[in-house]
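For ligands, and for the atoms within them, numbers begin at 1 and follow the listed sequence.
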Amino acid sequence: MRTLIKDIFKKNFLNKTVTICGWVKTVRTQKTFSFIEINDGSFLSNMQIIASHSLKLDFEKIKIGTSLSVTGEVTESPGIQKYEIKAEKINILGECDKDYPLQKKKHSFEFLRTILHLRPRTNTQGAIMRIRNSLAFATHKFFQERDFLYIQTPIITSSDCEGSGELFRVTTLGDKDSKKLKDGSLDFSTDFFKKPTFLTVSGQLNAEAFASSLSKVYTFGPTFRAENSNTSRHLSEFWMIEPEMAFVDINENIEIAESYLKYIIKYILENNEEEIHFFEKFIKKGLLEKLNQIVDITFEKITYTEAIDILKKADKKFEFPIKWGIDLQSEHERYLSEEHFYKPVVVKDYPEEIKAFYMRLNDDKKTVAAMDILFPKIGEIIGGSQREERFHILQEKIKKKNLEEKDYKWYLDLRRYGSVVHSGFGLGFERLVQFVTGIDNIRDVIPFPRYPSHAEF
Ligand code: ATP
Ligand code: MN
């Protein structure tokens with residue numbers, strides 16, 4: 001049976017004979033033996049193999065990228081690595097052509113994006129994926145320990161959650177099928193669902209139906225935005241975690257979001273030590289301190305109006321001028337957390353006009369019970385709100401935002417049949433992975449990134 005390289009480092013295998021499998025990372029040939037390092041993706045460090053040239057083997061075939069199985073005894077290493085294996089038997093599982101692009105040198109993130117199928121074999125990508133996995137696991141752990149139910153909301157939807165219009169259309173109509181109607185719009189009555197359908201931008205509205213019966217639920221699934229945003233923080237396809245909770249108001253919503261972020265970052269610090277040290281050393285100096293800070297401090301909490309005052313007084317020229325009523329831009333969000341408070345900031349009570357129809361109108365009738373959590377370097381990592389639970393006010397808001405009431409009939413029903421105070425938030429999973437790894441570009445923290453003009457592999 002195969003032993004994972006991780007287990008050899010973490011459990012006691014000293015002087016035991018094991019078989020490991022993996023891909024060759026480096027080969028150094030001496031007179032009578034070769035040093036071969038292999039990696040199986042379970043751990044950051046490679047395992048060093050000492051292969052005597054007396055072994056029956058075509059050493060010519062062992063190159064970077066070759067896949068091997070190796071059987072031998074685990075011994076203490078005199079070198080920098082802790083252990084090594086004295087090979088007794090080596091099998092070449094798959095030879096590697098000499099044009100293998102990942103030869104031993106540093107490759108740029110841009111270049112690696114052109115070979116997404118091989119990118120997982122790099123140290124950095126392996127470490128990112130192990131962090132991503134831990135963050136997903138810790139997310140489920142957090143919510144499960146608090147009696148949230150994991151629910152699945154549809155990916156194909158006929159409603160535009162935010163009314164924002166950044167939707168990918170789902171259709172089986174070809175160009176020649178889509179008959180134009182007189183008014184110029186397309187005839188979807190002949191389409192698969194007999195109506196326009198899209199890839200979802202959020203599972204929230206559906207999750208609200210489940211919170212209105214199961215009390216505490218969360219989703220964790222893919223979401224899609226057809227926005228032409230070529231930034232280091234936007235993808236066309238990304239994963240979102242969306243808890244939705246009945247009997248919870250905006251302030252408790254903020255408390256839960258804050259404790260969730262602390263919990264998962266603490267989990268990473270305790271379970272992914274090797275990876276975090278790797279990112280600290282090679283990707284972002286100061287990362288470890290920044291992550292520890294999140295766990296230890298209390299997030300700053302301010303209102304939108306206070307945020308505007310701070311930005312107005314800031315000794316800094318912003319590209320977008322500051323005035324009450326504007327949507328906060330990334331530069332404003334980052335100023336608040338990076339340069340003013342030096343820590344995560346929760347901003348709440350945004351102007352009604354700039355926020356989605358479902359957010360609860362505050363007593364001032366000008367602002368809504370919305371909250372965004374802003375992180376240094378990342379900007380908005382969480383967006384959430386208390387939802388409007390009052391039927392007539394919600395109905396008014398739907399009208400005011402020029403949405404069709406008939407499209408939201410079922411959503412309004414939730415306010416007619418035993419409506420309750422409820423809240424929720426959405427966390428962009430890739431922005432979280434970015435923050436935890438210190439990786440600059442969001443395209444490097446998801447296996448096969450989709451962004452404008454890019455849907456390869
Ligand atoms: P932004 O203003 O940064 O574009 P948003 O206001 O559109 O974000 P929401 O619609 O509130 O974001 O989505 C909830 C969360 O999903 C955000 O807080 C963010 O973490 C993440 N998110 C939003 N859009 C994207 C995207 N295009 N790619 C990756 N993550 C995203
Ligand atoms: Mn957006």
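Ring planes of Tyr408 and Tyr411: perpendicular class, angle over 60° (limits at 30 and 60°). Ring geometry for Phe224 versus Phe168: interplanar angle over 60°, hence perpendicular rather than tilted (30 to 60°).
Residue Asp372 does not touch ligand 1, judged by heavy-atom distances below 4.0 Å. At a heavy-atom cutoff of 4.0 Å, ligand 1 is contacted by the side chain of Arg225 but not by its backbone. At a heavy-atom distance under 4.0 Å, only side-chain atoms of Arg431, from C-beta outward, approach ligand 1. Neither the backbone nor the side chain of Glu430 comes within contact range of ligand 1; no heavy atom lies under 4.0 Å.
Selection from Thr231, Val201, Leu235 by nearest heavy atom to atom 28 (N) of ligand 1 gives Leu235.
Residue-ligand proximity, Ile442 to ligand 1, at heavy-atom distances under 4.0 Å covers atoms 29 (C). Against a heavy-atom cut-off of under 4.0 Å, Glu227 is close to the following atoms of ligand 1: 27 (N). Within the listing of ligand 1, atoms 18 (O) sit less than 4.0 angstrom from a heavy atom of Gly383. Close approach to Ile381 involves these atoms of ligand 1, each under 4.0 Å from a residue heavy atom: 18 (O), 20 (O). Of all the atoms in ligand 1, the ones that sit under 4.0 Å from a non-hydrogen atom of Gly428 are 15 (C), 16 (O), 20 (O), 21 (C). Residue Ile382 approaches ligand 1 through these ligand atoms, each under 4.0 Å from one of its heavy atoms: 18 (O). For ligand 1, the atoms closer than 4.0 angstrom to any heavy atom of Arg233 are 3 (O), 28 (N), 29 (C).
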Query raised in the report: Would His140 and Tyr218 satisfy ring pair (Phe, Tyr, Trp, His ring centres under 6.0 Å), going step by step from the backbone distance to the final call?
Result: CA-CA 9 Å; His140 284 295; Tyr218 69 106; 5.5 Å; yes

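For the pair Lys348 and Glu306, the salt-bridge criterion is not met [side-chain N within less than 4.0 Å of a carboxylate O].
A salt bridge (charged side-chain N to carboxylate O under 4.0 Å, His left out) with Lys355 holds for exactly one of Asp349, Asp327, Asp372; it is Asp372.
Donor-acceptor pairing under 3.5 Å is recorded for the side chains of Thr171 and Asp191.
A cation-pi geometry, defined here as NZ or CZ lying under 6.0 Å from the six-membered ring centre and within 45° of its normal, holds between Lys262 and Phe299.
Nearest approach of Leu116 to Pro449, heavy atoms of both residues: CD1-CD, 3.7 Å.
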